[in-house]
Amino acid sequence: MLEYNLPRYLPSAEELPDSDETPVDNELQELIPGLLKAILLILWAERMDWLFAIDMGIYYHPDKPPIVPDGFLSLGVERFYDEELRPSYVLWDENVVPIFVLEVVSQNYRKEYTTKLDEYEALGVLYYVIYSSRRRRKPHLEVHKLVNGRYELQEGNPVWLPEMGLGIGCERGNYCGVTREWMYWYDEQGQRYLTPAEQVKQETQRAQQEAQRAQQETQRAEVAEQRVQQLTEQLRALGIDPDNLS
């Protein structure tokens with residue numbers, strides 16, 4: 001729940017700016033959260049109680065600018081409430097603080113490890129995830145969990161997030177035709193969930209295998225039928241009526 005001292009009268013999402021007019025300075029800031037969202041759209045296709053937003057402003061006070069992470073996940077909210085979708089995420093309307101926030105560090109450092117960490121900590125975001133593929137001496141992925149009001153860095157890759165029922169990690173793969181390190185969701189056993197393209201490929205291979213098995217069964221049936229016909233002809237050549245065998 002919100003702990004901020006809010007004004008008595010509050011604007012709605014439609015009355016607030018839906019952009020900070022700041023363009024992303026790295027394509028990965030869109031592609032990485034985009035891949036995570038694409039996987040969830042398949043994994044949670046039947047669920048309507050979640051929102052994964054990309055580059056959407058989070059309003060926590062009507063007189064202050066929104067916080068705009070590269071991606072965030074909220075649970076227990078409407079996936080969409082009308083055909084116009086959300087222009088922004090307004091905490092006093094949603095009454096749910098995002099459980100997961102992602103920042104992708106670009107060439108232009110935007111204080112992901114300092115100011116933004118403090119902001120998400122104060123906001124009460126349970127998991128704050130920072131990804132930077134340019135780091136050499138430190139892990140590319142940092143997962144911070146809010147414990148007693150302070151963020152604690154979690155160990156491992158992937159990291160299991162029990163409150164979400166998902167793991168988060170990174171490994172090399174291919175997405176949008178680009179082979180590099182990407183971020184993925186994982187199950188509790190550390191198995192990576194497939195991307196949409198991988199799922200299509202898997203389903204195609206399964207369909208091809210089933211078609212091949214069906215073709216093999218048809219061929220076996222045809223061979224068996226031919227063998228029966230040959231035996232029938234051999235019996236008749238010997239003067240035996242195969243239809244009157246007892």
Side-chain angles (χ1 to χ4, degrees), residues 1-38 40-41 48-132 141-146 149-151 161 163-164 166 168 183:
M1 295 299 294
L2 303 182
E3 298 180 357
Y4 297 98
N5 293 320
L6 296 172
R8 181 176 179 182
Y9 299 105
L10 298 166
S12 65
E14 292 73 23
E15 297 166 309
L16 294 166
D18 60 0
S19 171
D20 61 0
E21 305 299 332
T22 302
V24 295
D25 53 17
N26 189 314
E27 193 175 3
L28 292 176
Q29 291 174 272
E30 294 179 348
L31 290 177
I32 288 176
L35 174 56
L36 293 175
K37 182 174 183 176
L40 284 184
L41 285 170
M48 302 301 292
D49 63 342
W50 62 277
L51 168 71
F52 192 98
I54 299 173
D55 198 31
M56 179 184 287
I58 301 173
Y59 280 94
Y60 60 95
H61 193 286
D63 298 330
K64 297 180 180 179
I67 301 173
V68 188
D70 292 317
F72 69 86
L73 173 67
S74 283
L75 299 179
V77 298
E78 293 175 296
R79 191 154 146 194
F80 42 80
Y81 50 82
D82 63 29
E83 62 186 22
E84 297 299 325
L85 306 181
R86 288 173 173 84
S88 58
Y89 192 84
V90 179
L91 287 180
W92 56 87
D93 285 342
E94 306 286 352
N95 289 315
V96 176
V97 174
I99 193 172
F100 171 100
V101 161
L102 169 66
E103 292 285 359
V104 178
V105 181
S106 66
Q107 292 179 335
N108 299 320
Y109 178 61
R110 299 171 301 163
K111 302 180 181 179
E112 286 88 353
Y113 298 99
T114 54
T115 303
K116 287 192 175 183
L117 187 145
D118 292 338
E119 289 177 341
Y120 294 130
E121 187 178 82
L123 199 61
V125 175
L126 183 60
Y127 289 105
Y128 173 40
V129 177
I130 311 172
Y131 174 76
S132 174
L141 181 69
E142 284 192 2
V143 178
H144 301 264
K145 183 176 184 179
L146 196 64
R150 301 289 293 177
Y151 276 133
L161 316 175
E163 296 85 356
M164 294 167 49
L166 294 168
I168 189 72
M183 289 183 64

Next on the checklist: Given Leu91, which partner from the list Pro66, Ser74, Pro98 fulfils the side chain to side chain contact (heavy atoms under 4.5 Å, CB included) test?
Outcome noted: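 Of the listed residues Pro66, Ser74, Pro98, the side chain to side chain contact (heavy atoms under 4.5 Å, CB included) partner of Leu91 is Pro98.
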
Checklist entry - Of the non-hydrogen atoms in Trp92 and Tyr60, which two are nearest, and what is the gap between them? => result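 Heavy atoms only, the tightest pair is CZ3-C, 3.6 Å.
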
Could you tell me if the side chain of [Y] sits less than 4.5 Å from the side chain of [X], heavy atoms only?
X      : Y      : answer
Trp50  : Arg79  : yes
Pro33  : Phe72  : no
Met183 : Leu141 : yes
Met48  : Phe80  : yes
Leu161 : Leu126 : no
Val96  : Leu75  : no
Leu102 : Leu36  : yes
Glu78  : Arg86  : yes

Item to check | Glu121 (side chain) donor-acceptor with Tyr151 (main chain) under 3.5 angstrom | outcome: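 Yes.
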
Checklist entry - Taking the side chain from Tyr128 and the backbone from Glu112, do they hold a donor-acceptor pair closer than 3.5 Å? => result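 Present.
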
To the nearest 0.5 Å, tell me how far [X] [atom1] sits from [Y] [atom2].
X      : Y      : atom1 : atom2 : result
Ile168 : Phe100 : CD1   : CZ    : 4.5 Å
Leu28  : Glu30  : CG    : CD    : 10.0 Å
His144 : Leu117 : NE2   : CG    : 5.5 Å
Asp55  : Gln29  : CG    : CD    : 8.0 Å
Ile32  : Glu27  : CD1   : CD    : 10.5 Å
Leu31  : Ile54  : CG    : CD1   : 9.5 Å

Checklist entry - Under 3.5 Å, is there a donor-acceptor pair linking the side chains of Tyr120 and Glu103? => result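 Yes, a side-chain donor-acceptor pair sits under 3.5 Å.
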
Next on the checklist: Please determine whether side chain to side chain contact (heavy atoms under 4.5 Å, CB included) holds for the pair Val101 and Ile67, giving the CA-CA distance in whole Å, both sets of side-chain angles, and the decisive distance to 0.1 Å.
Outcome noted: CA-CA 11 Å; Val101 161; Ile67 301 173; over 6 Å; no

Checklist entry - Could you walk me through whether Ser88 and Val90 pass the side chain to side chain contact (heavy atoms under 4.5 Å, CB included) check? => result CA-CA 6 Å; Ser88 58; Val90 179; 3.8 Å; yes

Checklist entry - After noting the C-alpha distance and the side-chain angles of Leu123 and Glu119, does the key distance pass the side chain to side chain contact (heavy atoms under 4.5 Å, CB included) rule? => result CA-CA 6 Å; Leu123 199 61; Glu119 289 177 341; over 6 Å; no

Checklist entry - Which is it for Val77 and Tyr89 under the side chain to side chain contact (heavy atoms under 4.5 Å, CB included) test, yes or no, and what are the steps along the way? => result CA-CA 11 Å; Val77 298; Tyr89 192 84; 3.6 Å; yes

